[in-house]
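Worksheet for the structure shown next.
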Amino acid sequence: MQYLQEFPLVFFTLLVQTAVGMVLVGKCVLGREADRSVREGVRRQNMAALLLFAVGVLISFVHLGTPLHAPFTLLHVGQSWLSREILMVGVVGVALLWLVVLGRKGQAVKSEKQAMVLAGLCGIALLFVMSCVYNQASMPGWRNWGVFIAFLASMCMLGASWHAVALSLRGDAAPVRALGPCLVWAVLGLALMAVSLPLGIPEPSSLVNPGSLLLPPVCIAWSSGLHALVSGLGVALLALATARGMQGRGFRPALTVPAFALIVLGEMFGRLVFYLSYSRLGM
């Protein structure tokens with residue numbers, strides 16, 4: 001049952017990071033593209049990003065003792081990172097909603113691009129604030145940039161693989177120019193993961209609760225390797241799918257869907273271990 005208690009936070013953080021990644025990758029997929037089908041496709045993904053963000057926020061309420069008290073935490077924005085996180089969730093939600101409204105009104109592509117950049121920057125600011133929530137003296141393994149970098153890595157890989165699936169499911173062939181951004185963002189995410197994982201492995205002296213049975217010490221290191229392996233395989237499949245698409249051999253869901261599934265599984269596993277590690281680090 002202790003494992004199940006962490007799932008709301010796992011889903012909340014990953015869904016929010018996916019939504020932010022979808023907007024940023026979508027901006028690059030759109031690029032200077034004048035093709036109407038590409039524009040409409042990106043607009044649909046922006047709507048999906050808003051939906052995923054909303055679902056993530058609703059799931060986060062499960063972890064709160066009294067969800068109706070959440071607005072009152074805004075009174076402590078000057079002192080509490082958790083209050084700042086709630087504030088930034090509202091800011092990003094408004095930015096995503098405005099982006100979707102612009103798309104529904106058929107505004108000029110330039111206005112939509114500017115709104116996507118704004119929503120993406122607000123999203124990155126939210127991820128930074130989220131990471132600061134875990135920067136506590138009682139959590140030595142989290143008191144560095146590793147948490148923020150890990151959140152950025154998930155954002156890049158999940159957003160990129162989502163758009164890759166969307167492009168592969170198009171009725172017509174996906175424009176070659178639109179494939180590159182998906183691969184670039186996914187590889188960037190994998191690189192950020194490689195930086196974050198060593199930072200997240202605590203020193204032996206940090207294991208202040210050695211009697212806990214929730215997460216054996218060896219799992220903290222070994223699980224990082226498994227996390228990187230599964231997500232890395234997903235990025236490798238995405239690279240293969242992109243290479244085939246650029247060669248005119250088809251950008252197929254037979255490769256992009258398994259790639260997305262592997263990245264999701266890898267990130268869920270890594271995030272669950274991240275939250276369970278508190279039993280070893282003293283939170």
Side-chain angles (χ1 to χ4, degrees), residues 3 6-21 24 56 60 63 80-82 84-85 88-89 120-121 123-161 185-210 212 214-235 262-283:
Y3 289 87
E6 308 304 328
F7 273 103
L9 288 176
V10 171
F11 287 120
F12 165 62
T13 55
L14 289 180
L15 286 172
V16 166
Q17 289 154 23
T18 301
V20 175
L24 290 170
S60 72
H63 198 265
S80 169
W81 281 109
L82 181 59
R84 294 166 191 158
E85 179 185 35
M88 286 305 303
V89 164
L121 291 177
I124 291 176
L126 169 59
L127 300 193
F128 174 73
V129 173
M130 288 171 67
S131 70
C132 289
V133 172
Y134 305 105
N135 189 352
Q136 303 179 35
S138 61
M139 300 295 295
W142 293 355
R143 299 203 72 188
N144 53 48
W145 287 93
V147 177
F148 180 49
I149 296 173
F151 286 176
L152 290 177
S154 297
M155 175 196 78
C156 293
M157 289 188 289
L158 290 169
S161 57
W185 279 90
V187 172
L188 174 60
L190 194 60
L192 289 171
M193 178 197 291
V195 173
S196 70
L197 289 180
L199 294 174
I201 299 177
E203 297 292 333
S205 59
S206 300
L207 301 176
V208 297
N209 188 15
S212 173
L214 188 57
L215 189 66
V218 68
C219 286
I220 297 177
W222 280 101
S223 61
S224 297
L226 182 58
H227 171 199
L229 176 63
V230 176
S231 295
L233 285 174
V235 174
L262 284 170
I263 291 173
V264 169
L265 288 174
E267 294 308 294
M268 284 187 64
F269 175 74
R271 193 59 48 84
L272 180 59
V273 171
F274 168 79
Y275 282 113
L276 290 178
S277 66
Y278 76 85
S279 68
R280 286 285 166 178
L281 302 180
M283 186 173 176

Please name the pair of heavy atoms, one in [X] and one in [Y], separated by the smallest distance, quoted to 0.1 Å.
{"X": "G266", "Y": "H227", "value": "O-CD2, 3.0 Å"}
{"X": "R271", "Y": "A150", "value": "NH2-O, 4.2 Å"}
{"X": "G189", "Y": "A153", "value": "O-CB, 3.3 Å"}
{"X": "I263", "Y": "S161", "value": "CD1-CB, 3.8 Å"}
{"X": "E85", "Y": "L126", "value": "O-CD1, 3.8 Å"}
{"X": "M157", "Y": "A186", "value": "CG-O, 3.6 Å"}

task = Compute the ring centroids of Y134 and F148, then answer whether they are less than 6.0 Å apart.
result =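 No, ring centres 6.0 Å or more apart.
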key: CA sep, side-chain torsions, deciding dist, call: F151, V20, side chain to side chain contact (heavy atoms under 4.5 Å, CB included)   = CA-CA 11 Å; F151 286 176; V20 175; over 6 Å; no
ask   = Within the side chain of S231, is there an N or O that forms a donor-acceptor pair under 3.5 Å with the backbone of A228?
value = no
inquiry  = Pair L197, M193 - check side chain to side chain contact (heavy atoms under 4.5 Å, CB included), show working.
reply    = CA-CA 6 Å; L197 289 180; M193 178 197 291; 3.8 Å; yes
request  = Would you sort out whether V147 and F274 count as a side chain to side chain contact (heavy atoms under 4.5 Å, CB included), showing the intermediate values?
outcome  = CA-CA 9 Å; V147 177; F274 168 79; 3.9 Å; yes
ask   = Picking from L192, L24, T18, L188, what satisfies side-chain contact (heavy atoms from CB on, under 4.5 Å) with M155?
value =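 That would be L24; it is the only one of L192, L24, T18, L188 passing the side-chain contact (heavy atoms from CB on, under 4.5 Å) with M155.
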ask   = Between atom CG of L229 and atom CG of L262, what is the distance when rounded to the nearest 0.5 Å?
value =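 Going from CG on L229 over to CG on L262, the span is 9.0 Å.
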key: Full working for side chain to side chain contact (heavy atoms under 4.5 Å, CB included) between M130 and F12   = CA-CA 11 Å; M130 288 171 67; F12 165 62; 4.1 Å; yes
query = Should Y275 and T13 count as side-chain neighbours, where that means a heavy-atom distance under 4.5 Å?
reply = yes
